[in-house]
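For reference, the structure discussed in these notes is given below.
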Protein chains: 2
Amino acid sequence: MIQFPKPTVEQFFRTYAITDFAVSKDEERLIFSTNLNGKMNLWAMDLPDTYPYLFAHREESCSFLKIDDKNRYVLAGFDKDGDENHQIYALPFEGGLPQDLVTGDSDEKYFYAKLSDDGERLYYITSKDNPSFMNTRMRHLSDGADTLIHQGEKSPTFLTAISKDEKAFVFIQMFANTYIKGIVKMGTETYELVPDPDKIHTVSDPVFIEDTVYFVTNYESEYSYVAKFDLKTKDFSEVLSIEKESITSVTYHKESHVFYVTTEHGVQDALYRFDLGSETTETIDIPADVIGKLHVAESGALYMLATSGTTPINIYYSETGADWKQLTNNNVLGVRNEDMVEPEVVSYTSYDGMEIEALLFKAHPENDNGHTIFWPHGGPQTAERKTYRSMFQAFLNRGYTIFAPNFRGSTGYGATFVTLVEQDWGEGPRLDCVAGIEWLFDKNITDRDKLFLVGGSYGGYMSLLLHGRHADYFKAVVDIFGPSDLFTFANSVPDHWKPIMERWIGDPVRDKERFIKDSPVTYLDGMVKPMLVIQGAKDPRVVKEESDQIVAKLEEAGRDVEYFVMEDEGHGFSKKENEIKVYTMMLDFLAKHQG
Amino acid sequence: MIQFPKPTVEQFFRTYAITDFAVSKDEERLIFSTNLNGKMNLWAMDLPDTYPYLFAHREESCSFLKIDDKNRYVLAGFDKDGDENHQIYALPFEGGLPQDLVTGDSDEKYFYAKLSDDGERLYYITSKDNPSFMNTRMRHLSDGADTLIHQGEKSPTFLTAISKDEKAFVFIQMFANTYIKGIVKMGTETYELVPDPDKIHTVSDPVFIEDTVYFVTNYESEYSYVAKFDLKTKDFSEVLSIEKESITSVTYHKESHVFYVTTEHGVQDALYRFDLGSETTETIDIPADVIGKLHVAESGALYMLATSGTTPINIYYSETGADWKQLTNNNVLGVRNEDMVEPEVVSYTSYDGMEIEALLFKAHPENDNGHTIFWPHGGPQTAERKTYRSMFQAFLNRGYTIFAPNFRGSTGYGATFVTLVEQDWGEGPRLDCVAGIEWLFDKNITDRDKLFLVGGSYGGYMSLLLHGRHADYFKAVVDIFGPSDLFTFANSVPDHWKPIMERWIGDPVRDKERFIKDSPVTYLDGMVKPMLVIQGAKDPRVVKEESDQIVAKLEEAGRDVEYFVMEDEGHGFSKKENEIKVYTMMLDFLAKHQG
């Protein structure tokens with residue numbers, strides 16, 4: 001019969017993103033943000049029918065989605081070409097073109113906070129008049145009247161919960177990714193949610209239930225748990241913790257008085273149902289490894305955005321918490337699951353005895369080209385987890401083995417571990433990478449002369465740094481929008497990031513010596529291997545100058561460096577054709593330097 | 001609450017095409033050709049789930065789709081940028097990138113004919129070695145062995161049916177759109193399917209049932225009917241006719257021994273079930289007005305591609321012939337059905353007393369801008385019917401009323417009516433248009449100074465001709481790939497069209513006077529109104545020179561003419577962004593000339 005060749009690299013990129021979704025209160029409409037038609041747009045399905053239709057056309061990434069409880073309108077946030085200056089738009093319930101609702105100058109940010117239960121008042125957070133610390137405001141949708149609710153001070157402050165009577169508010173104040181305070185404000189009174197807020201801790205997902213605020217915190221603990229703050233007694237107490245797992249979100253289902261709790265443990269997630277009455281916890285099986293979003297409908301039905309190492313992100317539905325049904329069908333063009341590579345979870349001992357977990361994706365023997373790609377993840381305070389990456393599966397299909405360590409600073413391994421990258425971007429994490437490389441050699445997974453280095457964002461920074469200090473390990477290096485100089489990087493981040501830079505990176509004056517030591521540009525002389533640098537022109541996080549300057553210097557020094565700037569992208573890929581173009585370019589670059 | 005403006009023009013174009021579909025024998029997979037993601041590609045759904053996934057990526061129009069009965073592979077035809085040089089490709093059953101199967105030079109055509117029941121032998125028709133009359137060949141898919149089955153002679157000849165034992169074949173021979181012979185070939189014997197093949201008639205949809213060939217014909221009748229030819233006795237006889245309706249297709253369902261018969265009557269279609277045993281006919285309600293394709297599964301379930309004046313094309317499913325379920329959800333972005341305009345079916349008397357039917361789309365009063373667009377349809381041997389046109393509904397929403405007459409030569413009004421455009425492109429049909437325009441004025445539907453003229457293909461030709469000879473009627477004129485000169489047009493059509501040009505247009509030498517009289521270019525002096533000309537650079541039917549020459553001459557004469565060439569399109573729009581660009585341009589052009 002007809003013989004078909006193996007899947008091509010392009011096929012792996014013919015998946016799409018699903019970044020967010022919302023379900024109408026009556027569960028008759030599900031709206032989601034996806035680049036199904038090539039660019040990010042909103043699509044909808046009228047449940048139980050799952051055939052999607054175009055719901056809003058804007059061709060930009062959506063930052064939030066909220067459907068009015070009475071199905072009168074839909075709110076959505078969009079930025080411009082990934083610049084992250086999100087503003088708030090409204091759409092008819094039937095869909096259409098987004099109309100300006102709460103918008104302003106193109107360099108201001110307007111974040112959605114909450115919509116009142118009656119859909120009349122919109123609470124939002126804006127950089128306007130307070131670019132570093134943010135203001136919280138409330139807009140009456142009927143007459144446009146707009147009032148200041150809270151003026152951020154000291155650090156970026158975000159409204160995250162409102163009591164039913166709209167008289168009590170919970171704000172979170174970000175001092176660092178690892179230090180986030182929660183404050184409850186009732187009239188002129190304010191209270192800290194934890195007993196000693198000066199202790200480093202985080203607060204997230206506050207929810208008002210009568211006279212109590214429930215929230216997620218890691219206060220005095222390695223792992224995040226659910227705690228509560230009694231508004232009457234002002235008492236703080238623990239409600240629920242899960243052994244060796246960090247609670248990442250809590251969603252309250254009023255009708256059954258239960259919490260749906262998501263947790264992370266290392267490279268994957270779990271879901272639990274906690275009954276607030278009986279105080280019992282049950283595990284709910286989930287249809288994939290990593291949860292992107294969980295929505296609990298009034299009916300008790302669950303809607304989940306989830307992915308795994310071999311399955312692109314999809315929306316799943318479960319009426320009861322079992323028998324998940326896949327609502328979307330985002331898969332890889334013509335590639336069967338058995339042609340994908342499921343990652344192995346491995347661990348190795350680093351230079352100082354610390355255990356480091358890593359994902360090892362081994363190319364199938366029939367594809368194996370003998371080369372390994374070392375991939376330091378971005379963040380740095382995130383982790384490489386069991387999520388589908390087109391790049392990984394495409395590169396695996398071309399025969400590359402991929403190794404992605406969760407070096408110190410990664411999330412999912414306790415609160416202390418995450419802090420270990422703070423004010424130490426270039427030492428501990430780098431040595432964890434070096435130990436990982438040596439482990440690959442020791443275990444005969446990789447030959448010493450067959451290693452590539454590829455990373456993006458913090459991973460791009462790490463790639464530059466490893467290249468500058470350990471060039472002998474690598475045949476060639478790819479840097480995707482990585483900071484090249486901590487001095488300039490610290491000055492160029494968005495305004496509302498600046499207050500958290502102190503704990504994250506440190507102070508350029510006080511920590512000058514360390515900034516020099518940890519800046520890739522310091523090791524320019526060491527960067528002797530061929531390099532490909534990718535940058536989005538509109539990137540607001542790692543600005544183009546970070547790449548421009550290192551490329552200019554490498555070119556000046558006569559090094560082999562290719563530079564590609566995507567004019568219409570920010571810190572990531574919003575456009576499918578850009579993504580395919582860049583990864584094809586990367587594959588060509590790697591192929592050229594295999595020899 | 002939030003106020004939303006009326007839908008914009010762009011929204012009406014945010015639908016997509018669905019041009020074809022195929023269902024696997026087990027009805028577990030439905031594959032369809034659509035530009036859902038912006039460009040034409042194949043998508044699939046795994047029934048009963050209707051969430052579509054990308055099945056094949058090629059970004060070209062698909063000319064046919066066939067799924068192997070044993071689900072081993074899928075065959076599909078693609079051309080290049082609309083050049084209509086279709087070639088045959090194969091795909092794994094899981095989908096992927098189309099692989100060459102029966103292909104050749106880019107200027108050759110390879111049409112799919114039939115696949116043997118066991119999926120081993122592919123019958124196809126090619127222009128290779130016989131560009132005017134076409135050859136039919138058979139390819140063994142296992143070893144690639146390829147044999148000539150039939151050599152076309154005298155006129156383009158296409159294999160359309162094969163007996164179960166693959167020893168008898170039905171070929172149709174096209175002499176004109178209105179003169180298509182059917183020939184059955186058994187070994188060295190050949191028989192005409194009708195008693196006197198010299199009489200003008202058509203044959204289509206032949207099907208072998210044991211020793212009989214059933215087919216659709218209008219032999220000695222105004223309306224097409226189902227007839228049969230007995231292979232043993234060589235007798236011809238009528239099987240089924242429907243009063244005042246033309247049968248357009250017949251699909252045999254072996255398991256129940258019935259025919260599903262589609263008919264056309266004027267601007268809409270109907271569906272019937274004819275039991276070959278009891279010889280009874282029942283009407284089947286259809287979910288829209290015009291049928292694009294009907295598939296009858298082994299189970300008896302029906303799958304239909306269908307559209308109506310206010311509903312874009314969709315795929316519908318019915319298990320039993322009632323209770324249609326819409327499988328796809330192709331709708332207009334944010335526009336409710338009540339915001340669309342359902343056409344009125346009107347008729348008027350033409351210059352010689354002939355009744356002409358027309359569709360009248362009246363702009364809703366709240367949108368009405370007082371102007372009317374006169375739209376002569378393409379073809380010319382087709383008709384303007386109750387199908388969704390983004391252009392119509394968008395222009396209606398901007399306030400234009402649209403009038404589309406089915407002038408003589410249109411299909412759906414009997415066999416004689418269709419022939420009335422043959423060798424008379426510019427007289428009768430033109431005068432029908434003139435009578436339609438006067439009718440619009442008489443009925444006070446349109447003011448004499450508020451009429452625009454827009455047409456494509458033959459409608460573009462008619463627009464040029466009406467402009468040249470009746471410019472006073474119009475404020476401005478849009479010509480979309482219309483032939484401007486019958487002499488050059490007759491010479492530039494695809495090779496396999498040439499044999500049918502004689503009956504269709506006539507002979508440039510013998511009919512020189514008429515060719516001059518009916519060529520728009522003859523009336524260049526009359527074309528004094530502003531004009532917009534649209535052309536696809538790769539158009540194989542009306543080549544770019546047809547537009548180039550008229551534009552050049554108009555420019556030479558100092559006329560107000562705008563010319564837009566789409567470099568990557570043929571005779572139509574395969575790319576959504578081109579479509580929106582062109583129609584936006586047209587709307588701007590019309591708006592500019594309203595004053």
Original post:
Can you tell me how far the CE atom of M391(A) sits from the CZ atom of R389(A), to the nearest 0.5 Å?
Top reply: 7.0 Å
Original post:
Using non-hydrogen atoms only, which part of A56(A) is less than 4.5 Å away from chain B: side chain, backbone, both, or neither?
Top reply: backbone
**OP:** Could you tell me whether R121(B) and D118(B) make a salt bridge, using a distance below 4.0 angstrom between a side-chain N and a carboxylate O?
**Re:** yes
Original post:
If you count heavy-atom pairs under 4.5 Å between each of G119(B), P7(B), P52(B), A44(B) and chain A, which one has the most?
Top reply: P52(B)
Original post:
Is there a donor-acceptor pair closer than 3.5 Å between any side-chain N or O of T307(A) and the backbone N or O of T311(A)?
Top reply: yes
Original post:
How about Y89(A) and F78(A): are their ring centroids closer than 6.0 Å?
Top reply: yes
**OP:** May I ask you to name which of H57(B), M45(B), E94(B) has the most heavy-atom pairs under 4.5 Å with chain A?
**Re:** H57(B)
Original post:
Which answer fits P92(A), side chain, backbone, both or neither, if we ask what part of it has an atom under 4.5 Å from a heavy atom of chain B?
Top reply: both
**OP:** Against chain B, label Y16(A) side chain, backbone, both or neither, depending on which of its atoms sit under 4.5 Å from a heavy atom there.
**Re:** side chain
Original post:
Between Y317(B) and Q326(B), is a side-chain hydrogen bond (donor to acceptor under 3.5 Å, both in side chains) present by the stated rule, with each step listed?
Top reply: CA-CA 6 Å; Y317(B) 163 79; Q326(B) 195 177 316; over 6 Å; no
**OP:** Using modelled atom types only, decide if a donor and an acceptor are shared between the side chain of Q11(A) and the backbone of L333(A) within a distance under 3.5 Å.
**Re:** yes
**OP:** With a 4.5 angstrom heavy-atom cut-off, could you sort out which part of F4(A) is near chain B: side chain, backbone, both or neither?
**Re:** side chain
Subject >> Greatest number of heavy atom pairs closer than 4.5 Å to chain A - which of A90(B), G95(B), P5(B), G96(B) >> reply: G96(B)
Subject >> Contact class of E10(B) relative to chain A, heavy atoms under 4.5 angstrom >> reply: side chain
**OP:** Using non-hydrogen atoms and a 4.5 Å limit, figure out which bit of L122(A) sits close to chain B: side chain, backbone, both or neither.
**Re:** neither
Subject >> Greatest number of heavy atom pairs closer than 4.5 Å to chain A - which of T328(B), L36(B), L54(B) >> reply: T328(B)
**OP:** Give the member of N330(B), N41(B), V335(B), L327(B) that has the highest number of heavy-atom pairs under 4.5 Å with chain A.
**Re:** L327(B)
Subject >> salt_bridge(E60(B), R58(B)) N-O dist < 4.0 Å >> reply: no
Original post:
Hey, what do you get for NE2 (H86(B)) to OG (S63(B)), rounding to the nearest 0.5 Å?
Top reply: 4.5 Å
Subject >> Residue pair N578(A), D568(A): steps toward the side-chain hydrogen bond (donor to acceptor under 3.5 Å, both in side chains) verdict >> reply: CA-CA 9 Å; N578(A) 284 336; D568(A) 55 350; 3.0 Å; yes
**OP:** Flag the one option from D49(B), V332(B), D68(B) with the top tally of heavy-atom pairs under 4.5 Å to chain A.
**Re:** D49(B)
Original post:
Most heavy-atom pairs under 4.5 angstrom with chain B, which of L101(A), N329(A), N37(A), N331(A)?
Top reply: N329(A)
